[in-house]
Amino acid sequence: MAKKEYLFDIDKIISENIEQCAKEEVARFDCFNNVEENISDEFNEKMIRMINEQDVSNKRVSIAQKKGSLRLLSFVAILSVFFITTASACAFSNPIHEFIVNTFGQYFTVDTNYEHPFDNVDFEYKEPTWLPEGEYEREIAKKNDTKYIIYYKYDSFSIVYSQKIIINNENEINNEYENIEIKEFVYNDQNYVFVNEVSSGLNMLYFYNDIYLYKITAPMDCEALTKIIESIS
Amino acid sequence: MISLLSTLQEHEKDVVHALWAEYGNMMYKIAFSYLKNQSDAEDAVQDTFVRIIRHIDYFYGVNATNVKGLIYIYIRSTCINTFNKKKKERRRTTSLYSQEYNTFLDYEDANYIRPDILFENKSVSETTYNLISQLDDKYKDVLLLKYYHGYKEREIAEALDITLDNVGVRIYRAKAILAQKIKHSEYKDLLIEGSV
């Protein structure tokens with residue numbers, strides 16, 4: 001695992017060299033001038049129409065509304081499927097909290113074997129009350145049904161905590177991993193999945209209850225990650 | 001263009017039109033170079049431009065050179081996402097997964113080398129900044145947005161349309177890869193003695 005001072009120094013090296021790198025990127029951008037293909041008149045007009053249709057602030061709303069409508073449709077579709085399958089609803093009343101871990105090539109998925117009947121979900125977000133010693137800056141972001149909290153630490157890697165509502169059985173898809181080791185274990189009657197990316201020392205710990213799937217990502221050992229997850233309240 | 005972005009703060013629509021007029025075709029050229037077909041390239045350009053419109057605030061007060069840099073990152077990340085999505089779909093949909101499907105035949109043409117790769121080949125000298133610029137695009141992009149353009153992790157996630165934890169993962173991994181590169185280069189003295 002990379003040590004703290006090692007990464008701190010890397011920060012400094014990056015900061016000192018990034019401007020030059022950015023200049024080179026602009027030069028690289030200009031190289032594409034040589035590509036022969038050009039935008040078609042039809043597509044150009046379509047894009048101009050899209051910009052002209054309404055002002056930008058309205059555009060934001062209309063894009064959001066469009067996405068919202070799509071999301072609603074997907075929600076209804078999923079809901080329909082759910083209600084069709086609720087004939088076996090007792091399966092949800094006593095879930096067996098086990099993970100299904102699939103690996104294929106550089107990709108892996110960590111799924112639950114459980115779907116939450118989300119007509120009854122109380123969207124109560126929680127967060128860890130314990131973190132390793134240090135001063136952190138905290139930032140929250142939400143995307144779809146997932147809440148992320150990132151705890152920045154000045155001289156180290158940030159801790160990323162996410163809490164996702166379980167609505168189907170494919171809860172995480174991570175890609176581009178190299179040389180990972182996956183360990184499933186039971187602690188205090190709960191199932192956990194610990195994923196260690198051997199090449200970088202970056203680790204992830206998954207845990208879920210009846211409603212949420214939790215994940216902590218940080219270059220910390222399994223014990224520290226478990227302690228963070230245990231402190232969620 | 002420099003004054004355009006700094007003075008049109010109250011006229012978002014004009015800024016958007018100006019960005020499109022200036023960079024629309026270039027975005028298409030880049031997308032086509034990555035994705036190799038008109039339909040995917042147009043989709044990528046449209047998705048990227050919608051994201052730029054939604055994040056138009058990030059472009060205010062930015063000079064023309066940096067706007068180019070930002071647009072390059074935005075369009076490139078869309079192309080990489082599209083590419084990965086298609087790759088994943090293919091891995092999932094075929095029961096005959098094999099190494100063969102790792103080569104994305106309809107996206108890869110042995111006779112075609114993207115202009116940016118040709119550019120890289122010209123500048124392989126091992127300067128410290130080159131070690132950064134030779135990182136994979138997905139890693140370079142997060143470093144550029146964070147350390148040069150001053151984006152917060154949440155903003156990077158929005159700009160690249162990836163999750164916040166993937167931003168964290170990419171930044172961490174970019175640093176780890178860079179540290180390894182430096183360790184094995186003539187610049188290893190830059191690292192703190194005994195810290196590796």
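All chains are named by letter (A, B, ...) in the order of the sequence lines, taking the proteins before the strands, and each is independently numbered beginning at 1.
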>> Between A:E137 and chain B, with a heavy-atom cut-off of 4.5 Å, which part of the residue counts as in contact: side chain, backbone, both or neither?
In response: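 Side chain only.
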
> Given a strict heavy-atom distance threshold of 4.5 Å, which part of A:K23 is in contact with chain B: side chain, backbone, both, or neither?
Replying inline: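 When you check distances to chain B, no heavy atom of A:K23 falls under 4.5 Å.
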
> Any side-chain heavy-atom pair from A:F207 and A:I216 closer than 4.5 angstrom?
Replying inline: no

> Under a 4.5 Å cut-off applied to non-hydrogen side-chain atoms, are A:Y212 and A:K164 in contact?
Replying inline: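 No; the side chains remain at least 4.5 Å from each other.
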
> Going by the angle between their ring planes, with limits at 30° and 60°, are B:F49 and B:W20 parallel, tilted or perpendicular?
Replying inline: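 Aromatic pair B:F49/B:W20 classed perpendicular.
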
> Tell me, side chain or backbone of B:I162 under 4.5 Å from chain A's heavy atoms, or both, or neither?
Replying inline: backbone

> Is chain A contacted by the side chain of B:E158, its backbone, both, or neither, given a heavy-atom distance below 4.5 Å?
Replying inline: neither

> A:I140, A:N33, A:I149: which one forms the most heavy-atom pairs within less than 4.5 Å of chain B?
Replying inline: A:N33

> Quick one: side-chain contact (heavy atoms from CB on, under 4.5 Å) partners of B:D161, sequence neighbours excluded?
Replying inline: A:K143, B:R51, B:N81

Residues 223-230 of chain A side chain polar contacts: donor-acceptor under 3.5 Å, at least two apart:
residue : atom : partner : partner atom : Å
A:T226  : OG1  : A:C222  : O            : 2.6
A:E230  : OE2  : A:N188  : ND2          : 3.3

